[in-house]
2 protein chains.
Amino acid sequence: MPTSLHQQAVDHLGSRIIDGSVLPGEVVLASELEDELGFSRSVIREAVRVLASAGLVVSTKRVGIKVQPAEHWNPFDPLVIRWRLASEGQGAQLRSLTELRVAVEPMAAELAAEHAPAEFCAELLNLAARMRHAGREGDLDSFLELDIRFHALVLAASGNEMFANLAHPIGETLRGRTELGLMPEHPHEEALAWHQGVADAISAHDPKRARESMELIMRRTVQEIYEVWAHKPRLFPRPVR
Amino acid sequence: MPTSLHQQAVDHLGSRIIDGSVLPGEVVLASELEDELGFSRSVIREAVRVLASAGLVVSTKRVGIKVQPAEHWNPFDPLVIRWRLASEGQGAQLRSLTELRVAVEPMAAELAAEHAPAEFCAELLNLAARMRHAGREGDLDSFLELDIRFHALVLAASGNEMFANLAHPIGETLRGRTELGLMPEHPHEEALAWHQGVADAISAHDPKRARESMELIMRRTVQEIYEVWAHKPRLFPRPVR
DNA sequence: GAGACTTCATGCCTGCACAGATTGGCGTCA
DNA sequence: TGACGCCAATCTGTGCAGGCATGAAGTCTC
């Protein structure tokens, strides 16, 4: 309950920026935030420094704390992802993350088939079996948690720390997807077989088959979730040099 | 020249953690850092907050500032990437980023072919032509900068902000690769043709061909750089739940 | 229009009170 | 005697209040 004042300050300003309550280009003063939240200068300053490191604001002398345009925000920052998933930008965030999954997870499966240690293989086989069981029982809560663990484990088994680090936001997208009611009543029998196929192929050190099975899962995932963002406009910021 | 004290403090502790001068599990005290750098408490505290947000440290009462194990570091944080590229972990960082490129860039090319606005297509064609010219002249410096802009533009043209945000670290990867002497004397004629092929396919809204051309580029990239990390061990942290 | 001056918000410093986690001592009980 | 549990001292980050220094913007003068 008593989350630290620092966290509160970061969350207050960060979520307001990302949900559009404070627009890019606007300037807020540290003293305003002090009054608004009733916190002291040090708390506000530390929070601003953290938000600046995520690209949300820049603070300059004589002018104040200026909100940066969205293309400066670090879309891989866990806080930014969480705030976006809780705001109007949820659709665009789900699209970005899902496209990233489609690109990364087949590659992760391929690498896992080449490099995964034995205990990862055993755990993957175990999870696949339990997913099959939970899926056939119609136990969707268990299925979701197992699904999250399965994909996180494949990412970790790739031996690529950037892939492994995507497990958290990807888990949140899976949870978000069920909250939006975008999961089928019963997991498809095919999906269960594909997960089993990924686990089998990785255990058998068969990179090609591991990739192909994961690609099938990803294709189905996109089909199921596509409507959420179908109407969301894409943004094309010019790259900075 | 006078980089802020805050930046200095962040960089001091951050780079020391990532190059292994301070090992995970070690605790440092804020007062030690104050004495070591000669900065005041406020500067140190703000720096620690920023490093904590990147997952490098946690600070708890009565114990101090504890360095976190590497699997807690956010590998997508720009600071973390820069420090890793400048340290012993360079090989592993190049591997991670290159594997990420291999996964993401073909997908980005495919999406760009579906969604890229006209001015992005024009700029891509322009860059491809200039790359061809610089490559045939043997002007490697120009070629490198054009190459970086080309790949950044494809990522931006995908309309996926997470992809677009990878342009910076990927650009640093390309620069690092030339610094390590891993680029051919003259860019291969094939590579020039493939870049042209990507630009053509995106302009022609041909996702399949855009992806395939980019895959060819990526395959060659891996071949050229593979030796850097061939002997580096992979890390397999157990995913946290 | 170029340069000097004023203004004002952040940058940086310091002293103080508080909170919470660790440690060690103390007493109790087996 | 030794193990356990409780409690207080201690240590360190957290948060507060106020001060001076700095430098970017804007203004005024020539």
Side-chain angles (χ1 to χ4, degrees), chain A residues 1-17 21-69 72-73 78-79 240, chain B residues 1-17 22-69 72-74 79:
Chain A
M1 129 219 71
T3 127
S4 73
L5 299 188
H6 172 73
Q7 278 181 305
Q8 289 181 50
V10 170
D11 200 70
H12 176 85
L13 184 52
S15 58
R16 252 155 229 267
I17 289 171
S21 306
V22 197
L23 295 174
E26 277 187 52
V27 174
V28 300
L29 272 44
S31 52
E32 291 174 13
L33 293 171
E34 292 170 31
D35 298 343
E36 202 172 322
L37 293 168
F39 298 162
S40 71
R41 248 193 298 180
S42 48
V43 173
I44 300 298
R45 289 175 48 83
E46 288 164 25
V48 168
R49 283 256 133 98
V50 168
L51 294 173
S53 80
L56 297 196
V57 299
V58 288
S59 114
T60 39
K61 279 184 163 145
R62 180 58 173 82
V63 35
I65 298 150
K66 186 191 275 180
V67 178
Q68 291 283 87
H72 283 78
W73 306 346
L79 292 172
V240 290
Chain B
M1 192 81 301
T3 133
S4 75
L5 298 187
H6 173 73
Q7 276 181 302
Q8 288 180 50
V10 170
D11 200 71
H12 177 85
L13 184 53
S15 58
R16 251 155 231 264
I17 289 172
V22 198
L23 294 174
E26 280 185 51
V27 298
V28 300
L29 303 182
S31 52
E32 291 174 13
L33 293 171
E34 292 169 30
D35 298 343
E36 202 173 320
L37 293 169
F39 299 160
S40 71
R41 278 207 310 278
S42 51
V43 172
I44 300 297
R45 289 177 43 174
E46 288 162 25
V48 168
R49 284 258 133 98
V50 168
L51 293 173
S53 80
L56 297 197
V57 299
V58 288
S59 93
T60 44
K61 286 183 163 138
R62 181 54 175 84
V63 35
I65 298 149
K66 186 191 274 181
V67 178
Q68 292 283 87
H72 284 79
W73 307 346
N74 181 358
L79 292 172

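Proteins get letters first, then strands, A, B, ... in listed order; numbering begins at 1 in each.
Put simply, the side chain of B/Arg49 does not reach to within 4.5 Å of the side chain of B/Ser53, judged on heavy atoms. A heavy-atom distance below 4.5 Å is found between the side chains of B/His12 and B/Leu37. Two residues are said to be in side-chain contact when any heavy atoms from C-beta on lie closer than 4.5 Å; A/His6 and A/Val50 meet this criterion.
Here C/dT10 presents its C1' atom at 13 Å from CG of A/Leu33, a figure rounded to the nearest Å. Rounded to an integer number of Å, the gap from B/Lys61 NZ to C/dC18 P is 13 Å. The nearest whole Å value for the distance from the CD atom in A/Glu34 to the C1' atom in C/dG11 is 14 Å. Residue B/Leu5 contributes atom CG, which lies 15 Å from atom C1' of D/dC20 at whole-angstrom precision.
A donor-acceptor contact under 3.5 Å is formed by the side chain of A/Arg62 with the base of C/dT7.
Contact between the side-chain N/O atoms of B/Ser31 and the OP1/OP2 oxygens of D/dT12 is not found at any separation under 4.0 Å. The side chain of A/Ser59 contributes no N or O atom lying less than 4.0 Å from OP1 or OP2 of C/dA9.
Using modelled atom types, no side-chain atom of A/Gln68 and backbone atom of A/Trp73 make a donor-acceptor pair closer than 3.5 Å.
Only A/Phe39, A/Ser40, A/Arg41, A/Ser42, A/Val43, listed by number, bring a heavy atom of residues 35-52 of chain A to less than 4.0 angstrom from any atom of DNA chain D.
Put simply, the residue from A/Val43, A/Leu51, A/Val48 that forms a side chain to side chain contact (heavy atoms under 4.5 Å, CB included) with A/Val10 is A/Leu51.
With values rounded to the nearest 0.5 angstrom, B/Gln7 atom CD is found 9.0 Å from B/Leu79 atom CG.
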